[in-house]
Amino acid sequence: MVYLIDTNVVIRFLTADHPEQFETAKKIFTDIEEGAVEAKLLPSVLMEAFFVLTKFYGLPRNEVLQDLRTLLSMPGIVNDDKVTLSEALTRMAFKRIDFVDALLCAKRSVEGYGIFSFDDDVKKCDPVS
């Protein structure tokens with residue numbers, strides 16, 4: 001069985017602000033890291049976790065992006081779009097664009113899609129330097 005990870009599990013794991021839930025989240029991510037459990041991180045969960053961690057917890061943007069990329073890289077994370085999502089998080093760090101624009105750019109770069117957009121940030125789709 002493949003599990004879907006809710007945003008609250010990501011938040012508890014990365015902030016450890018609720019001791020009991022942190023221990024449960026730590027066990028979940030330890031099992032994922034060891035490949036004992038397979039799970040997916042949906043794009044909406046990544047976006048919501050980024051928003052909550054940076055806006056409500058006030059954590060530094062690049063620290064949160066690195067933490068989310070680390071979670072995505074775990075062996076038990078089995079997203080088909082793992083590379084694309086990681087690329088989107090990297091673009092957010094280097095291009096200072098929001099998640100949706102970064103995801104569009106990453107899908108173009110990694111998966112070969114074209115993009116229809118009026119958004120100037122999508123013009124920042126050039127490769128990450």
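Both backbone and side-chain heavy atoms feed into the values below; hydrogens, waters and symmetry mates do not. Source: prediction; values computed, not measured.
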* Asked: Are a donor atom and an acceptor atom from the side chains of Glu111 and Thr84 found within less than 3.5 Å of each other?
  -> yes
* Asked: Shortest non-hydrogen contact from Ala49 to Val10?
  -> CB-CG1, 3.9 Å
* To do: Indicate yes or no: at least one non-hydrogen side-chain atom of Leu41 is less than 4.5 angstrom from one of Leu71.
  => yes
* Side-chain heavy-atom pair Arg91, Glu87 within 4.5 angstrom cut-off -> yes
* Asked: Quick one: CD on Glu38 to CE on Met74, what's the gap to the nearest 0.5 Å?
  -> 14.5 Å
* Tyr57 vs Val64 side-chain heavy atoms within contact, under 4.5 Å -> no
* Asked: Between Leu14 and Leu68, is any pair of side-chain heavy atoms under 4.5 Å apart?
  -> yes
* So, for Ile97 and Cys105, which heavy atoms are closest and what is the spacing to 0.1 Å? -> CD1-SG, 4.3 Å
* What is the distance from atom CD of Glu33 to atom OG of Ser73, rounded to the nearest 0.5 Å? -> 8.0 Å
* Structure fact -> Heavy-atom nearest pair, Ala102 first then Ala88, reads CB-O, 3.3 Å
* Asked: Should Val110 and Val78 be regarded as members of a common hydrophobic cluster, given that ILVMFWY residues are connected when their side-chain heavy atoms come within less than 4.5 Å of each other, either directly or indirectly?
  -> no
* Asked: Do Leu4 and Val2 share a hydrophobic cluster, counting only Ile, Leu, Val, Met, Phe, Trp and Tyr and linking them when any side-chain heavy atoms are less than 4.5 Å apart?
  -> no
* Asked: Does a donor on one side chain and an acceptor on the other come within less than 3.5 Å for Thr24 and Glu20?
  -> no
* Aromatic ring proximity Phe99/Phe51, centre distance under 6.0 Å -> no
* In terms of heavy-atom contacts, does CZ of Phe22 have more than 12 from other residues, nucleotides or ligands at under 6.0 Å? -> yes
* Asked: Roughly how far, to the nearest 0.5 Å, is CZ of Phe13 from CD of Glu23?
  -> 10.5 Å
* Between Thr15 (side chain) and Ile11 (backbone), is there a donor-acceptor pair under 3.5 Å? -> yes
* Asked: Does any N or O in the side chain of Asp98 come within less than 3.5 Å of the main-chain N or O of Asp101, such that one atom is a donor and the other an acceptor?
  -> yes
* **Distance in Å, Asp80 CG paired with Lys40 NZ, rounded so as to fall on 0.5 Å steps** => 5.0 Å
* ILVMFWY network linking Phe118 to Tyr113, side-chain heavy atoms under 4.5 angstrom -> no
* To do: Let me see the working for Ile32 and Ile5 under side-chain contact (heavy atoms from CB on, under 4.5 Å), right down to the final yes or no.
  => CA-CA 11 Å; Ile32 291 169; Ile5 303 169; 3.7 Å; yes
* Any side-chain heavy-atom pair of Arg108 and Leu104 under 4.5 Å -> no
* Asked: Hey, does Met92 have a side-chain heavy atom less than 4.5 Å from the side chain of Phe50?
  -> yes
* Asked: Roughly how far apart are Leu72 CG and Leu46 CG, rounded to 0.5 Å?
  -> 5.0 Å
* To do: Could you grab the distance from atom CD1 of Ile77 to atom OG1 of Thr70, nearest 0.5 Å is fine?
  => 11.5 Å
* To do: Please examine the side chains of Pro43 and Val100, heavy atoms only from C-beta on, and report whether any two atoms are closer than 4.5 Å.
  => no
